[in-house]
2 protein chains.
Amino acid sequence: MITIKDVAKLAGVSASTVSRAISGNIPVEKETRDKVMQAVEELHYEPNALAKGLKEGKTNTIGLIIPNIGNHLFPPLVKGVEETARKSGYTVILCNTENNLEIEKTYLEKMQKRLVDGFIIATAREKSTHILDMEAEGVPVVLLIRHLGNAVDAVILDNYKGAYEAVSYLLARGRKKIAIINGEQELSLYRERFNGYQEALKKAGETVVPQLVLDDAFGEENGYAVMVGLLRSGQMPDAVFATTDLRAIGAIRAIKDFGYRVPEDIAVIGFDDFEFTKLLSPRLTTVSQPLYDMGKLAVEKLITIMDNKNKVTPIIDVMEPTLVLRDST
Amino acid sequence: MITIKDVAKLAGVSASTVSRAISGNIPVEKETRDKVMQAVEELHYEPNALAKGLKEGKTNTIGLIIPNIGNHLFPPLVKGVEETARKSGYTVILCNTENNLEIEKTYLEKMQKRLVDGFIIATAREKSTHILDMEAEGVPVVLLIRHLGNAVDAVILDNYKGAYEAVSYLLARGRKKIAIINGEQELSLYRERFNGYQEALKKAGETVVPQLVLDDAFGEENGYAVMVGLLRSGQMPDAVFATTDLRAIGAIRAIKDFGYRVPEDIAVIGFDDFEFTKLLSPRLTTVSQPLYDMGKLAVEKLITIMDNKNKVTPIIDVMEPTLVLRDST
DNA sequence: ATGAAAGCGCTAACAT
DNA sequence: ATGTTAGCGCTTTCAT
């Protein structure tokens, strides 16, 4: 392994001079700098990041904690985080927790305050007291997608608004019997989406029909099974608001299997705007989350927090969803 | 920041004793070990990974280089790498290169020399001489998905076989005019798939019709546009072998837009088995890659290489594809 | 402008 | 079994 000493010896200067020449912001005679740079080239010298980090107390690395890389939500998010981080000189360590709290804690402990300068966490749940502890200990943290009240900085979506607008659109197009395929009510984002659904109906003078509220919290088949159940029951909806694109796709398959048409017989709106949904037939109408931008903003916030030693009160940034009209409505 | 010295002081022992007590494999009086552990608990001590890495010349971290996290191929792959790595005590640093060689080189340089113990690279192209250089310098590397001849260890798919079996299946079901939606011929994996297509036709006594070979290397619409072109041309195929699931989905939309039915009028087979394709209507018949297992094997190979100081000749592991029969054929 | 020396936190000889 | 010391590679005073 080539060290700074090897370069120093070849260039005929001291190690500290090499360090200064490389850093660039400390005055060094042009001639010596040239000698150093030539030696660096010749030896293919790369500074040891560990030694640098140990000395400086900073690694220019951020940890990104996500529950499940297989979830289509995350690629654009990761991309936003990753690109933004890179542009600011940071490297991203990605940690996939499998929705497992133990794995998450192990990662967090391992990486805390040493390997990593700060965290972006997309796995927060209401019971995530360990994240509160980190915040209290002064570890820079930004939450993504899910938040912890106002206790920790976060970037989230206005889920209520997304749902409200989607359902209002269906109503405005004359649909009356609108079913919802609901998600885990433990997560506030699904509660918010459910609220948006209810409020939009009320606003239009419609009532919430319990039979049209489909619980798909633990469905393996992403909406297919519950939609089949609804169609079998004889309750024929004229629209479906799915709280996830995957659930919308499952619902559409069920609808087609029953010989109905989308959107003529039943209109369907999804949520998330996964990239591939525009390739489907029919192309899916859905509520789009600005995932890339959310990842980007999270990094920007985190960098601000890491730079500012003096702590400021946490800010929750709420991003705007967009209803993307396509062919399923 | 709590260091080993703080623990030593509180426990009334030396720093080395603390180090030994924590490591576990060096004999320490039970009583002193208890004192140390108690101090560790009390102070919430976490060893500094940088100092440890600097001292030991090892970070238990591997770098995973992928071209584009937005590609649905990668989540299962990343998951396989990540889980396997974690079980062996390694952390994964994920790097997304945007298919940009400069970004890739920057990452590789930055991480080389001890931030990372080894690399898994899924971005290899024929011009990737920098990877050959790394191999020559003794940096542990395993290639994934794409390989570089026999020069570097790799885990890849038998792309020829996957295509051959898919097309043979269509032939066996009586389809005669089978179109292919082809990918970038610069990548050997698409050349292999094309070869498989051609050989299957020849074997069955059919000829390769140039008009049925659709080039979608740079198509933005993933098969839609070229499929529309084919249907307009009057050349009516009775089946389509798409070299990618995304291309299959685009093709299906085009077919439906022309009022034809899948699979009755035109059967469609994809390639990759993206997880969501089983939710589609029709559920997609496709060639499945064991992505999770490929990621897993890549890590296992890499760990073997990192442990074995004495270099062995590279081995290319070729994994078996599986034809998954669903409703689009 | 440059060199010498100290030290970041840790582990591993080397003593005892 | 435990303490002392050296040193991993780097940056940063402190001299000069």
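Naming convention: chains lettered A, B, ... in sequence-line order (proteins, then strands); numbering from 1 in each chain.
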Might you work through the side-chain contact (heavy atoms from CB on, under 4.5 Å) test for B/Ser128 and B/Arg146, ending with a clear yes or no?
CA-CA 11 Å; B/Ser128 299; B/Arg146 308 174 183 173; over 6 Å; no

[X] has an atom [atom1]; how far is it from atom [atom2] of [N], in whole Å?
| X | N | atom1 | atom2 | result |
| --- | --- | --- | --- | --- |
| B/Ile22 | D/dT2 | CD1 | C1' | 15 Å |
| A/Lys9 | C/dT2 | NZ | P | 21 Å |
| B/Lys58 | C/dA12 | NZ | P | 13 Å |

Pick out the pairs of N or O atoms, protein on one side and nucleotides 13-16 of chain D on the other, that lie under 3.5 Å.
none

Which parts of residues 24-37 of chain A get close to DNA chain C, meaning a heavy atom less than 4.0 angstrom away?
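A/Pro27, A/Val28, A/Glu29, A/Thr32 - these, ordered by number, are the residues of the stretch whose heavy atoms sit under 4.0 Å from the strand.
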
Take B/Leu94 and A/Ile93, measure what side-chain contact (heavy atoms from CB on, under 4.5 Å) needs, and give me the verdict at the end.
CA-CA 6 Å; B/Leu94 176 77; A/Ile93 296 190; over 6 Å; no

Below the 4.0 Å mark, does C/dG3 have OP1 or OP2 next to a side-chain nitrogen or oxygen of A/Thr17?
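Affirmative; the distance criterion is met.
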
Distances under 3.5 Å between nitrogen or oxygen atoms of protein and nucleotides 7-10 of chain D:
unit_1 : atom_1 : unit_2  : atom_2 : d
D/dG7  : N2     : B/Lys55 : NZ     : 3.1
D/dG9  : N2     : A/Ala51 : O      : 3.4
D/dC10 : OP1    : A/Tyr45 : OH     : 2.4
D/dC10 : OP1    : A/Asn48 : N      : 3.0
D/dC10 : OP2    : A/Ile4  : N      : 2.4

Would you name the heavy atoms of B/Asp317 and B/Lys301 that are closest together and state the gap between them?
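Scanning both residues completely, I find the closest heavy atoms to be OD2-NZ, 2.5 Å.
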
Using every non-hydrogen atom in the two residues, find where A/Leu148 and A/Arg125 come nearest and quote the distance to one decimal.
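Nearest heavy atoms, A/Leu148 then A/Arg125: CD1-O, 3.2 Å.
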
Can you confirm whether more than 12 heavy atoms, excluding those of B/Lys79, are under 6.0 Å from its NZ atom?
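Counting other residues, nucleotides and ligands, NZ of B/Lys79 exceeds 12 neighbours.
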
May I ask you to check whether over 12 heavy atoms, not counting those of B/Lys35, lie within 6.0 Å of atom NZ?
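Correct, the count exceeds 12.
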
Any donor-acceptor pair under 3.5 Å from A/Asn308 side chain to A/Ile305 backbone:
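It does not hold such a pair.
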
Do the side-chain N and O atoms of [X] and [Y] include a donor-acceptor pair separated by under 3.5 angstrom?
| X | Y | value |
| --- | --- | --- |
| B/Glu104 | B/His130 | yes |
| B/Ser19 | B/Ser16 | no |
| B/Glu98 | B/Asn68 | no |

